[in-house]
Amino acid sequence: MNIFHHIRDKVEKALKTLAGRGVLPEDTDFSHITVEAPRDPAHGDVTTNAAMVLAKPAGRKPRDLAEEITALLRDDPDIGSVEIAGPGFINMRLSEAFWPRLMDAVLELGEAYGRSDLGQGLKVNVEYVSANPTGPLHVGHCRGAVFGDALANLLEETGHEVTREYYINDAGAQVDVLARSAFLRYREALGEDIGEIPSGLYPGAYLKPVGKALAEKYGDSLRNMPEEEWLPLVRDFAIDAMMDMIRDDLAALGITHEVFFSERTLHESGLIDDTIRELRERGLVYEGRLPPPKGKPPEDWEDREQLLFRATEFGDDIDRPLVKSDGSYTYFAADVAYIRDKLARGFRQLVYVLGADHGGYVKRLQAVNRALSGGEAELVARLCQLVKLFRGGEPVRMSKRAGDFVTLRDVVDEVGPDVVRFMMLTRKNDAPLDFDFEKVTEQSRDNPVFYVQYAHARICSVLRNAREELGEEVFASAGRPDWSLLKDEAEMTIVKRIGEYPRMLEAAAKAHEPHRVAFYLQDLAADFHALWNKGKESPHLRFILKDQVDLSLTRLAFLRAIRYCLANGLHLLGVRPVEEM
RNA sequence: GGCCCCGUAGCUCAGCUGGAUAGAGCAACGGACUUCUAAUCCGUAGGUCGAAGGUUCGAAUCCUUCCGGGGUCGCCA
């Protein structure tokens with residue numbers, strides 16, 4: 001039950017009637033019409049800009065057109081009153097008979113309240129995290145991980161067919177460095193004194209268990225091999241170990257990807273070769289030269305003829321090289337093949353959740369998508385800004401030396417997955433985020449995680465109490481809630497907020513902005529806390545009133561509806577609603 | 001130098017992809033507990049939406065140009 005869709009249908013029906021009468025052109029475009037809640041509740045429950053948007057095509061003044069539209073809406077039983085305001089807004093107040101239907105629907109739908117078919121089953125691939133398999137995830141990965149996961153949930157909830165995917169960068173030089181680093185730890189495990197880890201190798205202690213495991217598996221047989229023989233063995237072993245670790249870290253945050261896609265398989269299966277052949281056939285590549293990079297001294301710049309993708313024809317600033325000077329493929333070449341593969345798997349929306357430092361990469365990805373999908377698919381890139389860590393207001397210092405960085409696991413272990421997940425979504429993705437270890441575990445108003453959880457727990461507390469206070473027999477013989485008993489302004493504020501939930505989810509999904517769910521939950525929690533406290537000054541507003549059973553039962557049903565809304569939103573964010581604090 | 005992101009109350013940020021008098025929280029000040037959990041709530045105060053133009057019924061939002069902060073810029077991934 002989405003009240004805004006409901007009213008929109010009525011408005012569009014009225015507009016079609018007007019089109020039939022010749023007031024509007026037959027082919028009028030309705031796409032810019034909004035049907036939404038006005039910012040000021042005094043303006044009513046639902047407002048539409050239809051008259052203002054269509055005034056020009058109709059060749060009439062907005063307020064005149066509004067008159068014609070309202071005449072057709074006025075008799076609708078769901079609409080209590082209609083008014084024209086300001087430059088031509090049509091403000092509607094829903095009839096008293098309408099709200100009970102909404103509340104009944106919320107209770108009936110329960111955990112399904114908010115789901116929609118907005119996406120029409122569109123196949124969406126959400127790629128997120130995709131960290132190099134060379135070490136544990138650090139805090140920097142946290143935000144993208146949580147953002148991507150919440151976005152995937154959000155899209156799923158709004159009717160998209162979602163695949164969560166992780167791209168494993170297991171083909172480049174950095175995994176050879178990983179192999180050499182692991183080999184050193186292997187020699188260490190065999191009793192050798194390896195001294196200090198040479199610069200250029202990964203110094204982290206997390207490779208020690210890998211070295212030990214290698215020693216157990218291979219004994220000292222690797223030690224006598226030439227590098228070209230042991231390296232592939234050690235590399236594959238180490239990558240597997242790193243990916244196991246990464247999967248564990250993600251699991252600790254409640255994140256599970258459906259597909260882990262290996263870059264190396266693109267090389268080995270010949271998919272990149274195929275892709276480049278196809279590009280050649282379609283005339284999308286050519287041999288050419290690039291200008292040297294600007295802004296940087298071109299130290300080792302070598303002007304050469306190379307194979308270039310015609311990215312500029314698809315909106316990029318410069319054509320992009322596919323082959324390195326040593327003849328191997330660039331990272332970009334693999335990415336082209338990867339996009340081609342995603343399209344071949346039927347995805348029509350490719351979502352990339354990236355760190356802000358990859359901003360420069362977006363245009364070329366979009367160029368590839370345009371070239372290969374011919375406009376059939378959309379590529380959406382979302383950039384996550386970095387997270388600054390604090391402890392009691394003081395910045396947490398991290399030095400890259402000796403692997404002394406804060407890992408994702410450190411953070412989750414200290415404050416818990418729910419706090420991490422919620423906090424990561426309390427800011428728009430492209431705004432920097434401060435994360436203070438002390439503040440996020442504080443139990444106070446300025447900690448949004450706590451604030452929302454507390455509202456949920458309070459509701460559960462009342463629901464628990466009610467059984468004792470009112471007696472089991474009251475519940476056994478309870479009829480349907482009489483929603484007309486909810487008359488107070490604070491109660492109606494909440495009813496309307498609940499009504500906005502489905503629309504908020506759709507807007508968030510369209511914009512790919514899961515943080516809106518977090519903000520909505522804070523608003524709903526605030527509405528609830530306000531009502532709670534109002535019950536202190538005005539005892540008749542309390543939820544449990546022993547001498548008014550029908551009213552109490554209705555308010556308890558009301559609480560269950562609020563609870564569904566809070567819990568559903570929290571679930572989307574991957575945060576567990578708690579029943580007690 | 002090119003491209004991308006950001007600039008909104010003293011601070012941290014929202015602002016529903018063009019709507020009505022720009023909103024929360026923190027900090028400041030003044031109030032509300034014999035509790036269904038005061039871990040909360042109510043009230044007061046606080047603004048040339050970085051600047052200037054433009055688009056139109058209407059701009060914090062869209063376009064152009066500046067100012068300031070961050071990121072990025074072939075053969076790393």
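Each chain gets a letter, A, B and so on, in the order its sequence line appears, and its residues count up from 1.
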Test your reading of the model: is there a side-chain donor-acceptor pair from A:Tyr520 to the backbone of A:Arg497, 3.5 Å cut-off?
yes
Considering only atom C1', compute the distance from B:rG54 to B:rU12 and round it to an integer number of Å.
33 Å
Sugar-phosphate only, base, or nothing, as touched by A:Arg304 at under 4.0 Å among non-hydrogen atoms
base
Closest approach to the side chain of A:Val462, judged atom by atom: which nucleotide of B:rC57, B:rC3, B:rC36 is it?
B:rC36
In this structure, how many angstroms lie between the C1' atom of B:rC75 and the CZ atom of A:Phe309, rounded?
19 Å
Can you see whether A:Phe4 has A:Arg503 sitting over its ring - NZ or CZ less than 6.0 Å from the centre and within 45° of the normal?
yes
Hey, does the side chain of A:Lys324 come within less than 4.0 Å of B:rA77's phosphate (OP1/OP2), counting only N and O?
yes
Please report the distance, rounded to the nearest Å, between CG in A:Asp523 and C1' in B:rC16.
11 Å
So, for A:His529 and A:Tyr451, is the gap between ring centers shorter than 6.0 Å?
yes
Quick one: label A:Ala85 by what it contacts on the DNA or RNA (base, sugar-phosphate, nothing), any heavy atom closer than 4.0 Å.
base
For A:Met581, report the nucleic acid contact type (base, sugar-phosphate, nothing); a contact means any heavy atom under 4.0 Å.
base
Could you tell me whether A:Pro291 contacts a base, only the sugar-phosphate backbone, or nothing, with contacts defined as non-hydrogen atoms closer than 4.0 Å?
nothing
Please check the phosphate of B:rC41 (OP1 and OP2 only) for any side-chain N or O of A:Tyr454 closer than 4.0 Å.
no
Can a side-chain donor-acceptor contact be found between A:Tyr501 and A:Asn2 if the only test is distance below 3.5 angstrom?
no
Phosphate-side-chain proximity, A:Arg542 and B:rC36, N/O vs OP1/OP2 below 4.0 Å:
yes
Just how far, in rounded Å, is C1' of B:rA32 from CZ of A:Arg445?
17 Å
Scanning all shown strands, the Watson-Crick or wobble mate of B:rA9 with both distances under 3.5 Å is none
Please compare A:Ala173 and A:Glu36 by the position of their nearest nucleotide in RNA chain B and report the one closer to 5'.
A:Glu36
Distance check, P atoms only: B:rA24 and B:rU64, in whole angstrom units.
33 Å
Could you tell me how far B:rC13 sits from B:rC73 if I compare only their P atoms? Round to whole Å.
26 Å
Side-chain N or O of A:His515 versus OP1/OP2 of B:rG15: is the shortest distance under 4.0 Å?
yes
Now, which nucleotide makes the Watson-Crick or G-U wobble pair with B:rU61, with each of the two distances under 3.5 Å?
none
Between B:rC5 (P) and A:Leu386 (CG): distance, integer Å
17 Å
Separation of A:Lys536 atom NZ from B:rU37 atom C1', in whole Å?
8 Å
Rounded to the nearest angstrom, tell me the gap between atom CG in A:Asn429 and atom P in B:rG70.
21 Å
Describe the nucleic acid contact of A:Thr47 in one word from base, sugar-phosphate, nothing, applying a heavy-atom distance below 4.0 Å.
base
Closest-nucleotide ordering on RNA chain B, the 5'-leading residue of A:Ala511 and A:Phe543
A:Ala511
For B:rC66, the nucleotide meeting Watson-Crick or G-U wobble distances (both under 3.5 Å) is B:rG50
Rounded to whole angstrom, note down the C1' distance from B:rG18 over to B:rG30.
40 Å
Quote, to the nearest angstrom, the P distance that separates B:rC6 from B:rC63.
11 Å
Regarding A:Glu263, tell me which of base, sugar-phosphate or nothing describes its non-hydrogen contacts under 4.0 Å with the strands shown.
sugar-phosphate
Look up atom OG in A:Ser552 and atom CZ in A:Phe558, then write down how far apart they are to the nearest 0.5 Å.
14.0 Å
When the aromatic ring centroids of A:Tyr338 and A:Phe261 are compared, is their separation below 6.0 Å?
yes
With a 4.0 Å cut-off on heavy atoms, is A:Lys56 in touch with a base, just the backbone sugar-phosphate, or nothing at all?
sugar-phosphate
Quick one: label A:Tyr361 by what it contacts on the DNA or RNA (base, sugar-phosphate, nothing), any heavy atom closer than 4.0 Å.
base
Using Watson-Crick or G-U wobble geometry with both distances under 3.5 Å, which nucleotide pairs with B:rC41?
B:rG31
Classify the side chain of A:Asn533 and the base of B:rU40 as holding, or not holding, a donor-acceptor pair under 3.5 Å.
yes
Without decimals, in angstroms, what is the distance between A:Phe528 CZ and B:rA24 P?
21 Å
Are A:His160 and A:Thr158 linked by a side-chain donor-acceptor pair shorter than 3.5 Å?
yes
A:Pro62 near the nucleic acid: base, sugar-phosphate alone, or nothing, with a heavy-atom cut-off under 4.0 Å?
nothing
Of A:Met52, A:Lys56, A:Glu67, which is the lone residue that meets side chain to side chain contact (heavy atoms under 4.5 Å, CB included) with A:Pro62?
A:Met52
Just to be sure I understand the rule, does A:Lys363 reach a base, reach only the sugar-phosphate, or reach nothing, if contact means heavy atoms closer than 4.0 Å?
sugar-phosphate
Could you identify the nucleotide paired to B:rU21, looking across every strand shown and requiring Watson-Crick or G-U wobble geometry with both distances under 3.5 Å?
none
Output field: ring centroids A:His257/A:Tyr128 closer than 6.0 Å:
yes
I'd like the C1' distance from B:rU56 over to B:rG43, given in whole Å.
40 Å
Within less than 4.0 Å of OP1 or OP2 of B:rC75, is there a side-chain N or O belonging to A:Thr330?
no
As its Watson-Crick or G-U partner within any shown strand, both distances under 3.5 Å, B:rC3 has B:rG71
Please state how far atom CZ in A:Phe332 lies from atom P in B:rG74, giving the value in whole angstrom units.
14 Å
Can you check the distance between B:rA52 and B:rC5, where both ends of the measurement are the P atom (answer in whole Å)?
23 Å
Counting only side-chain nitrogens and oxygens, does A:Lys428 get under 4.0 Å of the OP1 or OP2 atom of B:rC13?
no
When we call it a touch if two heavy atoms are under 4.0 Å apart, what does A:Ser325 touch: a base, just sugar-phosphate, or nothing?
base
Base, sugar-phosphate or nothing for A:Asn49? Non-hydrogen atoms, less than 4.0 Å.
base
Please state the C1' separation for the pair B:rC16 and B:rA60 - nearest whole angstrom.
14 Å
Contact class for A:Asn91 (heavy atom, under 4.0 Å): base, sugar-phosphate, or nothing?
base
Under 4.0 Å between any heavy atoms, over every strand shown, what does A:Ile544 touch: base, sugar-phosphate, or nothing? Just pick one.
base
